[in-house]
Amino acid sequence: MYQNFFSDYLVKLQESNQKWCKDVEQGKAAVDTPLNKAMQEQSMQDTAKLLEGASSQPAAMLQIQMQWWEQQMQIWQNVALEANQTNIVSPEKDDKRFQDESWQDEKFYNFIKQSYLLFGRTYLETINAVEGLDEKAKERLTFFSRQAINAMSPSNFVGTNPELLKLTLEKKGENLVKGLQQLQEDIESSSDILKVRMTNTNAFRIGEDVANTPGDVVYKNELFELIQYRPMTETVNATPLLIVPPFINKYYILDLREKNSMMRWLVEQGHTVFMMSWRNPGIEQRDVEFGDYITEGVVKAVSAIEDITGQSQINAAGYCIGGTVLASTIAYYSAKRMKARIKSASFFTTLLDFAQPGEVGAYINESLVSAIELQNNSRGYMDGRSLSVTFSLLRENSLYWNYYVDNYLKGNSPVDFDLLYWNSDSTNVAATTHNFLLRELYLNNRLIEDKGVKVGGVWIDLSKIKIPTYFISAKEDHIALWQGTYRGALNMSGNKTFVLGESGHIAGIVNHPAKEKYGFWVNDELCESADEWFDSAKHNTGSWWLHWDKWLEAYSPKEKVEPYQAGSDNFPVLTVAPGDYVKQVLPVAAKPEPQAKKPRSKVEA
């Protein structure tokens, strides 16, 4: 019955093992990287502190152990008595790992499920119960312990997952053979950590299925391309709008398919929209600095837009780290005592004060940052594939292990989903830039300091930003905590509007009004603390896009104008959108070294 399965599976397993061993020998696997070594050393130090703290309070530890033992015995008794279906411990509401009825109905699996959940919960409670433990150490221990606990979940293994075992028997193991083939393919396309495929990478074509809002590339340098979208209304707002996307992702998260494209929607509302499309850096761009994204990035884009439209001021919006770049640009203009070239600025899930970065903070300390810097300097960049996995592991059960189970154990083909396609289309970050972000912004929080960050020879000061600003954050954001983005807004002067959307870092922003899915909170008064602001905020139904569009109206003349021509004499149209940079995929191939021409021999001549 299983003869073909075992033979096929063992062949695939042998092939995968050989491939993995080869990768290790070539240094592709993350076994001996500086970061991995630093994480192991940090883990040992934190664990030593935990054990030391636990030994100093034996009574509290004994109480936790007794509580665990009593609950474990209750689980056993309830499961042993078939008539008793009471659960001592249950999964969280958003935990989808144990939805199959067998986890509840079959005693063996019910016992495994509850015992596992109880163990994980007790372990994390033990960490939190240790007094005198440094808060940063406690955060790291909690984060990395949770990663290990969820990796060991019985749902991740065929022998302890009833749904997987039943499927494997029904398909005679074909699901595992197919899954192993997909695992092998993913290993080949990963960097130093396995990047599990989330979607069919051949399902979408950039410029046709996604990033297809009509436009033209009107400027290009070594750092970015500038897209000017074509008008879709008879008249347009006089003040153009520049969008600054993050350079750690590709811009088309804001221009997915027509039904959820912010760019198309903005153009349909009568905005003249310009979008920056950052280059996907390779080793040749290793020395690109954070300041370059300002002086050679946003500053150049603003100048081009002014020339094309004839307007002396523009509105601008930045997403995530793109917002950090935008704020730094405005502060740079102020430090250079230049005219206010940006009339209003909007910030989507943007951190300016990095004191409260969220779970990313588990990777932020001197030893880990130093290790990452060493690794970046040796490569010339932070590999975007590894960076993508790092962000996925912030929500490991929903963004990593579920795809691991679906792809490799169930043998399912990844679904066609535009947002997941974008998420898998990773970008590198230049070594110098990434090192600056980690050390100067995340570790040292220099951006909010007086004379903390210098750009183009001048010290920038966020408090000198006096133009109107609009902040939109997301309540469930795990990458940029909304409480952290709120702190950043307090560092600016001028009229400030803070809005809190529902959902997370992506879905909370890409929230097309036609979907009528997520609402938002508004409070016109900026309080001293985020929690105080939220307590008196008013909830609104519908998309925040409508609220923002109404806010933008105040910063454009009431009278509409004829649509602007694409490009200008100084900035002619170079090609159609979406341009070339957005189509660069990882790994970015290094340019070959120029070779001297070999003189032709008489025969060759």
Side-chain angles (χ1 to χ4, degrees), residues 211-220 224-245 251 254-255 258 261-277 297-319 322 326 329-330 333 338-348 466-470 472 494-495 497 512-513 543-579:
N212 60 7
T213 299
D216 302 281
V217 176
V218 293
Y219 178 79
K220 179 177 184 178
F224 77 101
E225 292 175 324
L226 181 65
I227 298 171
Q228 179 182 359
Y229 290 105
R230 298 171 187 170
M232 295 183 181
T233 53
E234 293 184 359
T235 58
V236 298
N237 295 332
T239 305
L241 174 64
L242 169 65
I243 307 294
V244 184
Y251 82 83
L254 298 175
D255 189 25
E258 293 183 16
S261 169
M262 176 185 276
M263 294 304 97
R264 183 176 292 271
W265 185 85
L266 286 171
V267 175
E268 290 172 346
Q269 308 315 304
H271 292 282
T272 299
V273 184
F274 291 81
M275 170 68 79
M276 301 181 73
S277 175
V298 179
V299 168
K300 299 291 186 183
V302 171
S303 296
I305 295 170
E306 289 177 345
D307 185 272
I308 292 170
T309 64
Q311 297 294 316
S312 60
Q313 287 185 312
I314 70 168
N315 294 319
Y319 192 176
L326 174 60
T329 304
I330 301 170
Y333 283 143
M338 301 171 68
K339 68 173 184 177
R341 305 176 76 174
I342 296 178
K343 185 184 298 186
S344 77
S346 302
F347 302 96
F348 307 164
K466 299 180 181 180
I467 63 174
T469 53
Y470 183 103
I472 170 69
N495 185 14
T497 300
H512 199 289
S543 173
W544 68 272
W545 291 11
L546 299 171
H547 183 269
W548 179 47
D549 185 48
K550 185 176 181 180
W551 181 87
L552 283 173
E553 287 181 4
Y555 307 104
S556 185
K558 292 184 178 180
E559 292 185 6
K560 305 286 186 177
V561 298
E562 293 291 324
Y564 299 108
Q565 295 294 319
S568 64
D569 292 340
N570 294 322
F571 299 95
V573 171
L574 303 177
T575 185
V576 297

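For clarity, every value in this text was computed on a predicted model and none was experimentally measured. In this chain, residues are counted from 1 in sequence order.
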(request) Nearest 0.5 Å please: distance from the CD atom of Glu306 over to the CG atom of Leu242. (result) 10.5 Å
(request) Could you tell me the separation between the CD atom of Gln565 and the CD atom of Gln228, rounded to the nearest 0.5 Å? (result) 9.0 Å
(request) Using the six-membered ring wherever Trp is involved, compare the ring planes of Trp548 and Tyr470 and label them parallel, tilted or perpendicular (cut-offs 30° and 60°). (result) tilted
(request) Would you indicate whether the side-chain heavy atoms of Asp549 and His271 approach each other to under 4.5 Å? (result) yes
(request) Using a cut-off of 6.0 Å, state whether more than 12 heavy atoms not belonging to Lys466 lie near its atom NZ. (result) no
(message) Within the 4.5 Å heavy-atom criterion, are Leu266 and Tyr229 side-chain neighbours or not?
(response) no
(request) Report, as yes or no, whether the 6.0 Å neighbourhood of atom NZ on Lys339 holds more than 12 heavy atoms from other residues, nucleotides or ligands. (result) yes
(request) Determine yes or no for a side-chain-to-main-chain donor-acceptor pair under 3.5 angstrom, with Glu268 supplying the side chain and Met232 the backbone. (result) no
(message) With a 3.5 Å distance limit and no angle check, can you tell me whether Asn315 reaches the backbone of Tyr555 through a side-chain donor-acceptor pair?
(response) yes
(message) Which heavy atom of Gly567 sits nearest to which heavy atom of Ile308, and what is that distance?
(response) O-CG2, 3.7 Å
(request) Enter the distance from Phe274:CZ to Leu241:CG here, rounded to the nearest 0.5 Å. (result) 10.0 Å
(message) If I compare all heavy atoms of Ser261 with all of Thr213, which pair ends up nearest, and what's the gap?
(response) OG-OG1, 3.5 Å
(request) Mind checking the CE-CD1 spacing from Met263 to Ile227? Nearest 0.5 Å is all I need. (result) 10.0 Å
(request) Indicate yes or no: at least one non-hydrogen side-chain atom of Ser303 is less than 4.5 angstrom from one of Arg341. (result) yes
(request) Return the minimal non-hydrogen interatomic distance between Pro578 and Glu225, and the atom names on each side. (result) O-OE1, 4.0 Å
(request) Kindly give the heavy-atom pair with the smallest separation between Ala317 and Phe348, and that separation in Å. (result) CB-CZ, 3.9 Å
(message) Determine whether a donor-acceptor pair (N or O, by modelled atom type, separation under 3.5 Å) exists between the side chain of Ser556 and the backbone of Thr239.
(response) yes
(message) Are Asp255 and Met275 packed together at the side-chain level, in the sense that at least one heavy-atom pair is separated by less than 4.5 angstrom?
(response) no
(message) Within the supplied structure, the quantity of interest is the number of heavy atoms (other residues, nucleotides, ligands) at a distance under 6.0 Å from Lys300 NZ; does it exceed 12?
(response) no
(request) If the plane angle is over 60° it's perpendicular, under 30° parallel, otherwise tilted; pick one for Trp545 and Trp265. (result) tilted
(request) Take Thr469 and Phe347 through the side-chain contact (heavy atoms from CB on, under 4.5 Å) test and state the conclusion after the steps. (result) CA-CA 8 Å; Thr469 53; Phe347 302 96; 3.8 Å; yes
(request) Search all heavy atoms of Leu326 against all heavy atoms of Ser346 and return the closest pair with its distance. (result) CD2-O, 3.9 Å
(request) State, yes or no, whether a side-chain contact exists between Tyr319 and Met262 at a heavy-atom distance under 4.5 Å. (result) no
(request) Measure centre to centre between the rings of Tyr219 and Phe224, then say whether the value is under 6.0 Å. (result) yes
(request) Could you give me the CA-CA distance, side-chain angles and deciding distance for Gln311 and Tyr564, then say whether side-chain hydrogen bond (donor to acceptor under 3.5 Å, both in side chains) is met? (result) CA-CA 11 Å; Gln311 297 294 316; Tyr564 299 108; 3.2 Å; yes
(message) Is the shortest side-chain heavy-atom distance between Ile467 and Ser344 below 4.5 Å?
(response) no
(message) If I take atom CD1 from residue Ile314 and atom OG1 from residue Thr272, how far apart are they, to the nearest 0.5 angstrom?
(response) 11.5 Å
(request) Applying side chain to side chain contact (heavy atoms under 4.5 Å, CB included) between Leu574 and each of Asp216, Leu226, Val217, Val218, report the one that passes. (result) Val217
(message) To the nearest 0.5 Å, what is the distance between CD on Gln269 and CG on Asn237?
(response) 9.5 Å
(request) Check Ile342 against Ala316 and note the closest heavy-atom contact, atom names and distance. (result) CG2-CB, 4.0 Å
